[in-house]
Amino acid sequence: DTGVSQDPRHKITKRGQNVTFRCDPISEHNRLYWYRQTLGQGPEFLTYFQNEAQLEKSRLLSDRFSAERPKGSFSTLEIQRTEQGDSAMYLCASSLVGVRMVQFFGPGTRLTVL
Amino acid sequence: DQQVKQNSPSLSVQEGRISILNCDYTNSMFDYFLWYKKYPAEGPTFLISISSIKDKNEDGRFTVFLNKSAKHLSLHIVPSQPGDSAVYFCAASARGSSNTGKLIFGQGTTLQVKP
């Protein structure tokens, strides 16, 4: 399977704990995006990497959120001191650099903060 | 500030008939539009896209129409099949110096195709 993969698929944690999610993009894709989707809403942009450089972060990404993409391959999204409002589906997508490139999404990580 | 809006939360059609899903946008900088389909517990799957230099793009049973003056696009599915039942998201990206390609999504429309 050469699609975008995400791990874990589900995460249940207690408020105040730290969590980390991983995304493995399609191998030749140099652009990587993180989105968050809550119930009844469309995905909302969180952050964007081109290769290993994080080039844009949304205002939604508070100081408790950090993302990395070492060596321009897989990416991790960490949430520190989780809050109940962080409960959502976290989606990763990848694409090639270029105008009008389609983003391909992974299956997402469902986070539940108790 | 909802820049991309899908005002119909749900749509129900009979198998074999046409499904029309609508999307409105407010940002005149948007120049590329996409439709994604999403099944429960899966990530969005790309369906079809259209550039702002076109007003129609067709791919098999799926056709997207773009009306730039009205800032409106629609997805037509003909004929509709039960397997098309899913949530459909409209998304847009804007030209700009950063050219990150980030997508702005609508809220989604749940399509149910009845056998």
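Residue numbers begin at 1 in each chain, while the letters A, B, ... track the order of the sequences. Hydrogens, waters and symmetry mates are skipped; everything else that's a heavy atom, side chains included, is used.
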Asks: Between the side chains of D86(A) and R15(A), is the shortest nitrogen-to-carboxylate-oxygen separation below 4.0 Å, so that they form an ion pair?
Replies: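 A salt bridge is absent here (no side-chain N lies under 4.0 Å from a carboxylate O).
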
Asks: Using non-hydrogen atoms and a 4.5 Å limit, figure out which bit of Q6(A) sits close to chain B: side chain, backbone, both or neither.
Replies: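 It is neither, since no heavy atom gets under 4.5 Å.
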
Asks: Do S19(B) and S80(B) have side-chain N/O donor and acceptor atoms under 3.5 Å apart?
Replies: yes

Asks: R9(A) versus chain B, heavy atoms under 4.5 Å apart: side chain, backbone, both or neither?
Replies: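 Side chain only.
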
Asks: Looking at F46(B), F89(B), Y88(B), which one forms a side-chain contact (heavy atoms from CB on, under 4.5 Å) with K37(B)?
Replies: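 That would be Y88(B); it is the only one of F46(B), F89(B), Y88(B) passing the side-chain contact (heavy atoms from CB on, under 4.5 Å) with K37(B).
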
Asks: Compute whether any side-chain donor of one residue and acceptor of the other, for Y33(A) and T47(A), lie under 3.5 angstrom apart.
Replies: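 Per modelled atom types, Y33(A) and T47(A) side chains form no pair under 3.5 Å.
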
Asks: So which part of L91(A) gets closer than 4.5 Å to some heavy atom of chain B, the side chain, the backbone, both or neither?
Replies: side chain

